[in-house]
Amino acid sequence: AAEGLVDRHLLNGMLQVHTNAGRIEPALRFYETEYAKHGVVPTTHSDRLVIEMLVKKKRLSRALKLKHDIESDGRKLDLLSYGTLVEHYGKKGELGSALLLIKECVDIHGSPPGEKSLKHVRAMCEKQNLTKQVRLEQMVGKDPLAWIKRGEPLAKGKRRGSKMTYGLNRFVDI
């Protein structure tokens with residue numbers, strides 16, 4: 001192959017093919033060998049592709065080992081990778097692990113993962129009445145959707161759609 005044809009974009013594209021196929025061993029093998037072979041350092045995007053695949057395939061211990069290996073190389077996970085891990089712990093009801101990762105993410109990036117990742121953690125804290133105790137709002141800010149949750153009970157009894165449609169239908173019949 002000609003020099004310079006294989007760059008990180010091409011490698012990330014191939015890695016994405018492997019991770020989208022969900023075949024763990026070939027994807028990890030590609031990630032661990034091909035970048036080094038071409039003298040390219042994996043990007044945060046490369047790392048995220050593998051971490052997302054491992055979490056999706058319920059291989060959390062391997063995802064955490066990969067996170068550790070990445071940090072040992074002096075690199076950091078990006079916000080989206082943290083989001084994937086936090087969301088996983090939130091869905092599994094593992095509040096402590098989720099909070100530790102959120103705190104680590106804020107320390108490294110200066111902001112928490114996206115709201116999609118925090119949804120289950122917020123719900124867990126509200127349900128167990130722990131929001132103040134774990135200082136969730138100080139860590140990640142107020143829930144941007146709180147106003148919707150406050151308004152939902154008020155809107156429940158006011159469904160007038162069918163009566164309105166009946167009136168319109170009667171009007172058209174004339």
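Along the sequence shown, residues are numbered consecutively beginning with 1. Atom set for the values below is all heavy atoms of this structure, side chains included, hydrogens, waters and symmetry mates excluded. On a predicted model such as this, the values are computed, not experimentally measured, just so you know.
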[X]: side-chain hydrogen bond (donor to acceptor under 3.5 Å, both in side chains) partners, not counting sequence neighbours:
X   : answer
R29 : none
T43 : N12, S46
Y89 : none

Quiz item: If you take all heavy atoms of I102 and P112, which pair is closest and at what distance?
Solution: CG2-CB, 4.5 Å
Could you tell me whether the side chain of [Y] reaches within less than 4.5 Å of the side chain of [X], counting heavy atoms only?
X   : Y    : answer
V86 : V121 : yes
S97 : L100 : no
L77 : I108 : no

Would you give the length of the straight line joining atom [atom1] of [X] to atom [atom2] of [Y], rounded to the nearest 0.5 angstrom?
X    : Y    : atom1 : atom2 : value
K37  : L11  : NZ    : CG    : 9.5 Å
H109 : K76  : NE2   : NZ    : 8.5 Å
I51  : H88  : CD1   : NE2   : 12.5 Å
L15  : Y31  : CG    : OH    : 8.0 Å
E94  : L99  : CD    : CG    : 11.5 Å
L130 : C125 : CG    : SG    : 6.0 Å

Who passes side-chain contact (heavy atoms from CB on, under 4.5 Å) against [X], sequence neighbours left out?
X    : value
Q138 : R135
K91  : E87, H120
K57  : I24, M53, R59
K56  : none

Practice problem: Quickly, which of T44, D69, I70 forms a side chain to side chain contact (heavy atoms under 4.5 Å, CB included) with R75? Name it, please. | Solution: I70
Taking only residues two or more places apart in sequence, or in another chain, which ones meet [X] in a salt bridge (Lys or Arg N to Asp or Glu O under 4.0 Å)?
X    : result
K132 : none
E137 : K142
E126 : none

Exercise. Kindly say whether P113 contributes a backbone atom to a donor-acceptor pair with the side chain of S117 at under 3.5 angstrom?
Key: no
Quiz item: When you measure from the side chain of D7 to the backbone N and O of L10, does any donor-acceptor pair fall under 3.5 Å?
Solution: yes
Quiz item: Under a 4.5 Å side-chain heavy-atom rule over Ile, Leu, Val, Met, Phe, Trp and Tyr, are V55 and L79 clustered together?
Solution: no
Quiz item: With the 4.5 Å side-chain cut-off for hydrophobic clustering, are L80 and L64 part of the same group?
Solution: no
Quiz prompt | Derivation and outcome, side chain to side chain contact (heavy atoms under 4.5 Å, CB included), residues D78 and D47 | solution = CA-CA 9 Å; D78 64 357; D47 303 337; over 6 Å; no
Practice problem: May I have all residue pairs that pass salt bridge (charged side-chain N to carboxylate O under 4.0 Å, His left out) and include part of residues 105-115, sequence neighbours excluded? | Solution: K103-D107, E115-R122
Quiz item: Does a salt bridge link E104 with K67, judged by any charged N lying under 4.0 Å from a carboxylate O?
Solution: yes
Quiz item: With sequence neighbours left out, which residue pairs that include part of residues 15-28 fulfil the side-chain hydrogen bond (donor to acceptor under 3.5 Å, both in side chains) condition?
Solution: E25-R62
